[in-house]
Q: 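Below is a structure I'd like to ask you about.
All ligand and atom numbering here is 1-based and tracks the order in the structure.
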Amino acid sequence: MPTQNTNQKPYYITTPIYYVNDRPHIGHCYTTLIADVAARAQRMIGRDVFFLTGTDEHAEKVSKTAAENGKTPMEWATINADRFKEAFAFMNFSHDDFVRTTEDRHKTKAVEYIQQLLDQGDIELGDYEGWYDPSQEEYLTEMVAKENDYNSPVTGKPLEKRVEQNYFFKLDKYEGWLCEQIETGAICVAPEARKNEVLGRLKQGLRKVPVSRKIKEGDADWGIKMPGDDEHRIYVWIEALCNYLTIVDNDERQKYWDGEVVHLMAKDITWFHAIIWPAMLHALGKKVPEMVYAHAYWIAEGKKMSKSLGNFIEIDLLQAYAEKYSLDAMRWFLTTQGPLGANDSDFAHSRFIEVYNADLANSVGNSTSRVGNMFNKYFDGKVKGRCNGEFGFDNGSSLQTALTALENAGKKVDDPDRTYKIAEFTQQAVDQAGEALASMNLDAMLDAGRSIVRHVDEFISYSAPFTLAKQLDTLDDGEHALSSILYSCGEALRIASLLLSPAMPEKMAELWGNWNCNHLVDPDDCNSGFVAPLSELAQWGGEYGLKPGQTIEKGAALFMRADAKEDAPEAERIS
Ligand code: ME8
């Protein structure tokens with residue numbers, strides 16, 4: 001086990017549980033990837049993390065598509081749940097559990113919660129008339145229905161006016177409390193645009209919400225019955241939300257609910273997570289989530305992805321990209337270019353190549369192979385001596401020696417007074433990454449790693465160790481200067497690789513293999529995978545830093561440059 005930082009609460013991150021009427025696509029992989037990157041980063045800083053994903057199986061559309069495919073609902077749910085599991089294994093996600101809502105462990109607890117709400121009078125029977133969106137299996141308010149001309153805001157198909165006798169949850173009772181929780185940030189609804197939207201809608205007033213569906217003749221026997229009433233089934237949304245709690249509601253996992261709870265999803269389902277679920281939890285006497293983070297959408301080559309346009313980015317296309325450019329390059333692209341904030345993102349091939357070359361081939365890949373090559377060429381592939389990562393202009397300093405070599409070679413130094421405090425720079429980057437992680441700004445977190453790589457590149461251009469290497473015989477302290485420069489570049493890149501690893505775990509592990517940094521990794525630790533928290537791992541020249549005598553193998557380049565004009569990889573379309 002890595003030494004866990006005991007001042008920090010356990011961290012519990014969830015993704016939506018996905019419908020199993022169909023196979024997974026980029027959207028499902030994206031949200032789960034973001035959760036994976038956050039989970040890996042939180043584990044790396046030493047927190048005890050639980051990461052949950054899974055499938056939502058009791059929806060009407062699951063039994064309908066099952067029938068269309070000549071399967072029972074359970075057979076169809078299993079086929080698709082397995083596709084989700086396979087897709088998530090391919091994406092190298094590190095979830096700690098995968099829930100299927102058809103499992104007893106979920107069903108039993110969900111029924112218990114509903115029973116408690118019934119007993120307390122928070123749920124009661126009544127009549128309901130409203131605009132129902134059959135494609136989404138949800139009722140919309142009069143205002144939302146009207147705004148969308150009585151069509152589904154998601155699919156554009158007509159809404160249905162339905163009257164039902166239902167069980168209702170008294171959501172209206174919690175209006176004031178919810179407003180306060182969200183306004184004060186006790187429940188942090190993010191990004192800000194989503195918070196404003198939710199508060200705007202909340203201030204129009206809340207009504208009771210139906211939590212059951214009356215069973216009609218001909219309905220498939222699918223879903224969980226309302227406790228004590230065989231004529232109703234628990235509305236799939238209400239039951240699905242309970243998954244976040246059912247799976248950790250036991251002695252062993254309770255600490256995760258007591259810790260920091262983060263629910264991640266896209267903006268389509270913010271309301272359920274920011275309003276209905278916290279109110280249910282509050283009614284149950286449970287703690288509410290600390291954060292509800294609703295990102296925007298992926299669109300494809302400028303167009304919304306939809307079934308009718310047939311332009312959903314499917315797993316096979318992601319696989320084709322992974323095969324050609326590596327899985328981690330694809331994970332990198334999705335994480336850094338995705339719709340984590342309030343704006344939608346376009347999955348365009350040209351953009352992929354641009355980002356791949358700029359961030360990976362020309363930056364991380366190039367910098368690590370350059371430094372690895374120099375260690376090989378100048379010091380037999382070994383770290384020579386340590387250096388504190390400070391380069392100033394005292395006479396006789398390593399930087400001064402390097403610049404003298406440049407002058408000897410007849411080259412001009414642009415800014416002869418530049419100093420480099422590389423160790424300090426890496427420490428600042430580690431701090432920035434931690435701050436960015438706390439607010440789910442994963443691009444900024446990864447950019448902290450990228451900024452170290454840029455700093456190293458700049459330092460190499462400035463100090464020109466290859467020029468210095470040619471003059472080792474003529475300069476008194478040439479070898480010491482060269483070794484100090486290389487140590488600093490190598491140690492900075494080692495620290496950068498830690499910050500980049502949540503998005504690119506395989507590629508960074510490959511680098512650690514080449515650079516004999518395996519002492520960072522604890523393969524037996526199923527939690528973080530590291531031997532210590534980041535604050536210790538990233539200490540410049542510390543216990544886990546590069547050491548004199550350590551072998552640095554060149555290894556193959558981590559990322560080969562891509563031709564800007566090359567075509568998008570072809571995916572075999574899944575039928
Ligand atoms: O809503 N871009 O399941 P679902 C980004 N079962 N993310 C996308 C996306 C896109 N274009 N399309 C989908 C459900 N997603 C319910 C959830 S939770 C208690 C129940 C992702 O299969 C995103 O996370 O329709 C979105 O919220 C989710 O898939 C919807 O998945």
Side-chain angles (χ1 to χ4, degrees), residues 13-36 38 52-62 65 77 80-81 83-84 87-88 91 93 98-102 106 110 113 133 135-138 152-155 191 194 211 223 234-247 261-278 280-281 289 292-307 309 311-315 317-318 334-335 337-347 440:
I13 188 160
T14 69
T15 71
I17 46 172
Y18 306 109
Y19 287 130
V20 283
N21 57 313
D22 209 343
R23 56 180 176 257
H25 59 67
I26 186 177
H28 306 124
C29 285
Y30 173 69
T31 312
T32 319
L33 171 63
I34 292 304
D36 182 61
L52 180 68
T53 188
T55 44
D56 182 359
E57 310 204 345
H58 290 131
E60 252 173 62
K61 58 183 166 190
V62 175
T65 35
N80 283 308
R83 287 169 166 165
F84 274 92
F88 292 176
M91 293 290 296
F93 293 153
F98 185 106
V99 54
R100 294 183 59 184
T101 53
T102 44
H106 166 75
Y113 305 152
D133 181 350
S135 61
Q136 302 305 301
E137 300 190 28
E138 63 169 316
S152 161
V154 181
T155 59
R194 300 286 89 82
V211 296
I234 305 174
Y235 173 34
V236 66
W237 253 110
I238 296 299
E239 173 233 310
L241 286 166
C242 293
N243 92 89
Y244 301 130
L245 187 59
T246 60
I247 298 308
V261 178
V262 176
H263 295 314
L264 197 62
M265 77 234 55
K267 57 188 176 183
D268 51 342
I269 53 179
T270 322
W271 187 253
F272 286 101
H273 288 83
I275 299 294
I276 298 177
W277 177 231
M280 282 172 66
L281 284 164
V292 172
Y293 194 106
H295 60 71
Y297 292 129
W298 275 104
I299 53 176
E301 304 284 348
K303 293 200 187 88
K304 184 175 170 8
M305 285 189 275
S306 76
K307 279 249 163 80
L309 289 174
N311 64 343
F312 259 110
I313 293 184
E314 308 261 12
I315 305 300
L317 185 64
L318 299 183
L334 296 180
T335 312
Q337 304 299 309
L340 189 53
N343 301 320
D344 292 347
S345 294
D346 196 10
F347 190 104
M440 271 310 251

Q: Which protein N or O atoms sit under 3.5 Å from any N or O of ligand 1? Give atom names and distances.
A:
{"from": "ligand 1", "atom 1": "2 (N)", "to": "Trp298", "atom 2": "N", "distance (Å)": "2.9"}
{"from": "ligand 1", "atom 1": "6 (N)", "to": "Ile17", "atom 2": "O", "distance (Å)": "2.8"}
{"from": "ligand 1", "atom 1": "6 (N)", "to": "Asp56", "atom 2": "OD2", "distance (Å)": "2.7"}
{"from": "ligand 1", "atom 1": "11 (N)", "to": "Trp298", "atom 2": "O", "distance (Å)": "3.2"}
{"from": "ligand 1", "atom 1": "22 (O)", "to": "Tyr19", "atom 2": "N", "distance (Å)": "3.0"}
{"from": "ligand 1", "atom 1": "22 (O)", "to": "His28", "atom 2": "NE2", "distance (Å)": "3.3"}
{"from": "ligand 1", "atom 1": "24 (O)", "to": "Thr31", "atom 2": "OG1", "distance (Å)": "2.6"}
{"from": "ligand 1", "atom 1": "27 (O)", "to": "Ala266", "atom 2": "N", "distance (Å)": "3.0"}
{"from": "ligand 1", "atom 1": "27 (O)", "to": "Asp268", "atom 2": "OD1", "distance (Å)": "3.0"}

Q: Just by distance, do the side chain of Asp56 and the backbone of Tyr18 share a donor-acceptor pair under 3.5 Å?
A: no
Q: Quick one: do Thr101 and His106 satisfy side-chain hydrogen bond (donor to acceptor under 3.5 Å, both in side chains)? Show the steps, please.
A: CA-CA 6 Å; Thr101 53; His106 166 75; 5.1 Å; no
Q: If only atom types and distance count, is the side chain of Ser152 paired as donor or acceptor with the main-chain N or O of Val154 below 3.5 Å?
A: yes
Q: Does either side chain, that of His295 or that of Tyr30, offer a donor lying less than 3.5 Å from an acceptor on the other one?
A: no
Q: If you apply the rule side-chain contact (heavy atoms from CB on, under 4.5 Å), what do you find for Val62 with Asn21, and how did you get there?
A: CA-CA 4 Å; Val62 175; Asn21 57 313; 4.2 Å; yes
Q: Can you tell me how far OG1 of Thr15 sits from OH of Tyr244, rounded to the nearest 0.5 angstrom?
A: 6.5 Å
